[in-house]
Amino acid sequence: MTVSATTNIASYTGDGGTTSFATTFAFQGTGSSAELEVIERTIATGVEVTKSYTTHYTVTGGSGSTGTVVAVSAPASTVEWHIHRGTTQTQTTDYVAN
């Protein structure tokens with residue numbers, strides 16, 4: 001199945017209370033196989049940390065549709081969460097030039 005959306009990132013600033021973050025783009029896979037990457041950026045320093053599935057968040061939706069990233073603990077107001085679509089890129093056909 002192809003993904004026709006060109007948007008591939010959603011960004012949110014934590015508030016210490018919100019735990020659900022909608023993806024505004026379609027992505028493949030579901031749950032632990034969702035082709036998403038969640039990066040937490042500290043606003044003051046710009047330091048980025050990649051978050052882990054089940055330890056820091058879970059995912060609902062997907063399989064060619066939008067979904068939601070659900071944080072295990074609400075991100076603090078000092079950080080941003082950046083949700084990236086990480087679609088696996090494979091080429092199953094060998095194209096010959098000309």
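Bear in mind that the values here come from a model prediction, so they are computed numbers and not experimental data.
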Spacing of Tyr57 atom OH and Glu40 atom CD [to the nearest 0.5 Å]: 12.5 Å

Any Val72 side-chain heavy atom under 4.5 Å of Thr55 side chain: no

Check: Thr45 side chain, Val47 main-chain N or O, donor-acceptor pair, under 3.5 Å: yes

CA sep, side-chain torsions, deciding dist, call: Trp81, Thr13, side-chain contact (heavy atoms from CB on, under 4.5 Å): CA-CA 6 Å; Trp81 271 30; Thr13 300; over 6 Å; no

For Ser73 against Thr19, the heavy-atom pair lying closest together: C-CG2, 4.4 Å

side-chain hydrogen bond (donor to acceptor under 3.5 Å, both in side chains) partners of Glu48, counting only residues at least two apart: Arg41

Close side-chain approach of Leu36 and Thr23, heavy atoms under 4.5 Å: yes

Nearest atoms (heavy-atom pairs only) where Ala34 meets Val59: CB-CG1, 3.9 Å

Residues which pass side-chain hydrogen bond (donor to acceptor under 3.5 Å, both in side chains) with Thr18, listed by chain and number, not counting sequence neighbours: Asp15

Minimum-distance pair of heavy atoms, taken over all atoms of Ala22 and Ala10: O-CB, 4.0 Å

Atom pair CD1/OG1 of Ile39 and Thr50 - distance to nearest 0.5 Å: 4.5 Å

Straight-line distance of Asn8 CG to Phe27 CZ, nearest 0.5 Å: 13.5 Å

Distance (rounded to the nearest 0.5 Å) between Arg85 CZ and Thr66 OG1: 11.5 Å

Common cluster, Val69/Tyr53, ILVMFWY with side-chain heavy-atom separation under 4.5 Å: yes

Thr78 vs Ile43 side-chain heavy atoms within contact, under 4.5 Å: no

Ring geometry between Phe21 and Tyr12 (parallel below 30°, tilted from 30 to 60°, perpendicular above 60°): tilted

side-chain hydrogen bond (donor to acceptor under 3.5 Å, both in side chains) partners of Ser11, counting only residues at least two apart: His82

Heavy-atom donor-acceptor pair, Ser63 side chain to Gln28 backbone, under 3.5 Å: no

